[in-house]
Amino acid sequence: MIVCHCKGATDRDIRRAADGGGEALSAVGRTCGAGVSCGSCLETIREVLREHARGSETGRTPGKRPAA
Ligand code: FES
């Protein structure tokens, strides 16, 4: 899913940038450029980062159900 239309960055790009370390929002901007132009995607980026962090804490991939 495209999150940042200015840079064409996807939710996958954002999760990958967050995994690279550093402060997540800054890392996203540095790595894929998302959120650094018009800024209209910042809230969506934050939501992707929150979901990603929750998935990292539980070891689950957000949006995927555990195997039955
Ligand atoms: S849509 Fe992401 S900076 Fe403009």
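Counting starts at 1 for both ligands and their atoms, following the listed order.
- Less than 4.0 angstrom separates some heavy atom of S37 from each of these atoms of ligand 1: 3 (S).
- Hydrophobic clustering of Ile, Leu, Val, Met, Phe, Trp and Tyr side chains at less than 4.5 Å, counting indirect connections, unites L25 with V48.
- Between D19 and H52, the side chains place a donor N or O and an acceptor N or O closer than 3.5 Å (distance only, hydrogens not considered).
- Atom 4 (Fe) of ligand 1 lies at 2.8 Å or more from every N, O or S atom belonging to C41.
- Within the listing of ligand 1, atoms 3 (S), 4 (Fe) sit less than 4.0 angstrom from a heavy atom of G39.
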As a quick check of understanding, evaluate side-chain contact (heavy atoms from CB on, under 4.5 Å) for C32 and K7, giving each step before the final call.
CA-CA 8 Å; C32 64; K7 299 294 181 179; over 6 Å; no

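- Taking both residues in full, the closest heavy atoms of G35 and C4 are given as N-SG, 3.7 Å, listed atom of the first, atom of the second, then distance.
- Between I2 and G8, the closest heavy-atom pair is CD1-O, 3.7 Å.
- For the pair SG of C38 and SG of C6, the angle at atom 4 (Fe) of ligand 1 is about 100°; rounding is to 10 degrees.
- If you number the atoms of ligand 1 from 1 as listed, the ones under 4.0 Å from a heavy atom of S40 come out as 1 (S).
- Residue C4: no N/O/S atom is found under 2.8 Å from atom 4 (Fe) of ligand 1.
- Heavy-atom proximity to G35, at under 4.0 Å, picks out these atoms of ligand 1: 2 (Fe), 3 (S).
- The protein atom (non-hydrogen) at minimum distance from atom 1 (S) of ligand 1 is H5 N, 3.5 Å.
- Salt-bridge annotation for E43 and R50: present, with a side-chain N of the basic residue lying under 4.0 Å from a carboxylate O of the acidic one.
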